[in-house]
**Student:** 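Just dropping this structure here.
Owing to the predicted nature of the structure, the values given are computational and were not obtained by experimental measurement. Position 1 is the first residue of the sequence; numbering continues from there.
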Amino acid sequence: MAGYRFLFSMMVIFSCLTPAAAQTPAPSCPDEQTLTRGARTALVKAQNFMTEKKMPQAAQALEAFIREHPDKNHAYVAYTLGCLYLELDRAADALIQFEKTADLCPAYAPAWQNLAKVCFDLRQYSRAGMALEKSWDLTGRSNHMLYFQAAVAHISAKTPEKALPVLAFLCSGRAGAPKENWVTLYVQTAIEQKRSKRAVKTVEQLLTQPEPAPFLFRLATVLYLEIPDYRKAAQNLEAYGLVTALQRDEQKLLADLYANLGIPAKAAQNYEKVIAIKPCCTIFEQTASCWFEACEYDKALDAAEKGLAAYPESKRLWQVKGWVHYEKQDFSPAARAFGKACALDSRDINTLFLHGLCACRAGDRDSARKALTRAACHNRYKTRALALIHEMESGNI
């Protein structure tokens, strides 16, 4: 199965952007009481500029305060300036301010979240993943979207081994009902890390829940194909098809699985569904062949004739038609069908011999003699072909 990709998105948090929002700080927020008079004045001035939508001037007001008081660091000032830099598309400068905020107030979750956002924008994916995990931890491990985005960051940093335990937790049920993109990314990562069996256990556990989501059956199919366990892959894909209309490729995969498992009747039934979606010569050939293998001769003949109506140059369909008539001991139409197949591929000596054999059984001695004489030129068929010719000349046939 092909592989899945995800877009990272993060809302910038401005909960403490202004002094007004900071007047009722949440737990772990920077301590407002430690603000100096100068810092308060600078923040109020910046707030006034922001109210007027003058973001560059707001940033300049805080920059001026920092230049004049380089030793008066405060998390509110750094965080507010970082958010302003984000508004001004100055990601590298914002990164410095959010890092300073996190250093001054390590338990301040919004700083870590915005730090992660900036790192991701700057393609510093490893640092983004670390910051997102820190944010998730600081917010009580309840905002699981942050944890999922941490996994995406680890994968973007080409360290999927760090993402795997994160995704395993999110899909374990301990984080509540997992979202489809969580499980999909987990399965994709597990396959790439050669940990498919571990992922199978997780998906199987989710499938035991009441009314499991349909996508779980599809992902189970992908995992069982990887292990491989084609029987369970077919079972899960069929279960998926009971609740969701299968796409053509999925329907063909299900038919191919049953054919591989040696269940030709079920394979043929599913190939017929593929034909109903979009027919092609190969699928007609597979359908007819599977019906023949299942000894459903009438269905095999019907599939072959329908296929030949659209694809008269199919050697395989003519062969199946010949085999069906041969099994029914209808030797004359069998000979004609094998003859058509021979005309399409003169190098197929097996079909040439069958054409001669059926013509012989049908009493068409001229056609039989020509075909068998040609077949006798090949060591594999020489003895049988000459024996049939001898029987015809002796009048025993």
Side-chain angles (χ1 to χ4, degrees), residues 1-8 144-145 147-263 266-267 269-271 273-274 277-278 282-283 286 290:
M1 295 281 170
Y4 303 86
R5 304 189 64 175
F6 299 87
L7 296 176
F8 176 89
H144 300 307
M145 184 55 66
Y147 209 32
F148 172 70
Q149 289 169 336
V152 175
H154 289 316
I155 291 172
S156 298
K158 302 189 184 306
T159 53
E161 66 279 1
K162 293 183 179 180
L164 202 56
V166 173
L167 294 166
F169 170 81
L170 291 173
C171 298
S172 67
R174 289 176 288 169
K179 299 181 183 297
E180 181 173 354
N181 57 341
W182 298 0
V183 189
T184 299
L185 186 58
Y186 176 47
V187 168
Q188 176 190 355
T189 306
I191 290 174
E192 291 173 353
Q193 292 295 296
K194 310 299 182 184
R195 303 295 295 274
S196 298
K197 290 184 178 180
R198 177 180 174 182
V200 161
K201 292 180 180 179
T202 298
V203 174
E204 283 180 338
Q205 181 62 37
L206 294 173
L207 283 169
T208 63
Q209 304 299 316
E211 298 183 8
F215 76 87
L216 292 171
F217 293 105
R218 175 173 51 81
L219 292 179
T221 301
V222 173
L223 287 167
Y224 283 123
L225 286 171
E226 187 69 22
I227 289 175
D229 186 332
Y230 297 141
R231 187 171 297 277
K232 287 188 176 180
Q235 291 170 350
N236 279 277
L237 185 54
E238 187 162 34
Y240 180 61
L242 293 176
V243 293
T244 304
L246 295 181
Q247 299 296 315
R248 186 180 186 276
D249 288 347
E250 294 169 332
Q251 194 71 63
K252 182 181 181 300
L253 172 60
L254 184 56
D256 290 342
L257 284 169
Y258 281 125
N260 182 276
L261 290 167
I263 312 175
K266 295 205 74 169
Q269 290 169 359
N270 283 281
Y271 282 131
K273 293 178 181 179
V274 177
I277 298 172
K278 184 180 179 181
T282 301
I283 302 301
Q286 291 171 312
C290 285

**Student:** Hey, are R218 and E250 close enough for a salt bridge, meaning a charged N less than 4.0 Å from a carboxylate O?
**Tutor:** no

**Student:** Can you measure from OH (Y230) to OG1 (T221) and round to the nearest 0.5 angstrom?
**Tutor:** 13.0 Å

**Student:** Quick one: OG1 on T202 to CD on Q205, what's the gap to the nearest 0.5 Å?
**Tutor:** 8.5 Å

**Student:** Considering only NZ, NE, NH1 and NH2 on the basic side and carboxylate oxygens on the acidic side, decide whether E161 and R195 come within less than 4.0 Å.
**Tutor:** no

**Student:** If you look at every heavy atom in A151 and A163, which pair is closest and at what distance?
**Tutor:**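 Closest approach of A151 to A163: O-CB, 3.5 Å.
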
**Student:** I need the single residue from L237, N236, L257, L219 that forms a side-chain contact (heavy atoms from CB on, under 4.5 Å) with Y224. Which is it?
**Tutor:**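 That would be N236; it is the only one of L237, N236, L257, L219 passing the side-chain contact (heavy atoms from CB on, under 4.5 Å) with Y224.
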
**Student:** When rounded to the nearest 0.5 angstrom, what is the spacing between CD in Q251 and CD in E238?
**Tutor:** 9.0 Å

**Student:** Can you tell me how far OH of Y186 sits from CG of L170, rounded to the nearest 0.5 angstrom?
**Tutor:** 10.5 Å

**Student:** In Å and rounded to the nearest 0.5 Å, what is the CD to CG distance from Q193 to L164?
**Tutor:** 6.5 Å

**Student:** Report the C-alpha distance between Q188 and E192 in whole Å, list the side-chain angles of each, state the deciding distance to 0.1 Å, and finish with yes or no for side-chain contact (heavy atoms from CB on, under 4.5 Å).
**Tutor:** CA-CA 6 Å; Q188 176 190 355; E192 291 173 353; 3.4 Å; yes

**Student:** Counting neighbours of CZ on R231 that are heavy atoms of other residues, nucleotides or ligands and sit closer than 6.0 Å, is the number greater than 12?
**Tutor:**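 Open: at most 12 neighbouring heavy atoms sit under 6.0 Å from CZ of R231.
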
**Student:** Return the CZ to OG1 distance between F217 and T244, rounded to the nearest 0.5 Å.
**Tutor:** 9.5 Å

**Student:** I need the minimum non-hydrogen distance between A234 and L254, along with the two atoms involved.
**Tutor:**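 Result for this residue pair: O-CD1, 3.5 Å.
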
**Student:** For the residue pair W182 and H144, establish whether any side-chain heavy-atom pair is separated by less than 4.5 Å.
**Tutor:** yes

**Student:** Please find the pair of heavy atoms, one from P214 and one from Y240, that lie closest to each other, and give the distance.
**Tutor:**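 Nearest pair, atom of P214 first, then Y240: O-CD1, 3.1 Å.
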
**Student:** Please determine whether side-chain contact (heavy atoms from CB on, under 4.5 Å) holds for the pair V200 and D229, giving the CA-CA distance in whole Å, both sets of side-chain angles, and the decisive distance to 0.1 Å.
**Tutor:** CA-CA 11 Å; V200 161; D229 186 332; over 6 Å; no

**Student:** Measuring only between side-chain heavy atoms, which start at C-beta, is L167 closer than 4.5 Å to F148?
**Tutor:**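 The answer is yes, as the side chains (C-beta and beyond) meet within the 4.5 Å cut-off.
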
**Student:** Is a donor on one side and an acceptor on the other found under 3.5 Å between the side chain of T184 and the backbone of N181?
**Tutor:**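 Absent.
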
**Student:** How far apart are the C-alpha atoms of Y271 and D256, what are their side-chain angles, what is the distance that settles it, and do they pass the side-chain contact (heavy atoms from CB on, under 4.5 Å) test?
**Tutor:** CA-CA 8 Å; Y271 282 131; D256 290 342; 2.5 Å; yes

**Student:** By the definition side-chain contact (heavy atoms from CB on, under 4.5 Å), identify the one residue from L246, N270, L225, V274 that meets it with L253.
**Tutor:**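 Answer to the side-chain contact (heavy atoms from CB on, under 4.5 Å) test with L253 among L246, N270, L225, V274: L225.
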
**Student:** Please report the shortest heavy-atom distance between C290 and A267, naming the atom on each side.
**Tutor:**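 That closest heavy-atom pairing would be SG-CB, 3.8 Å.
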
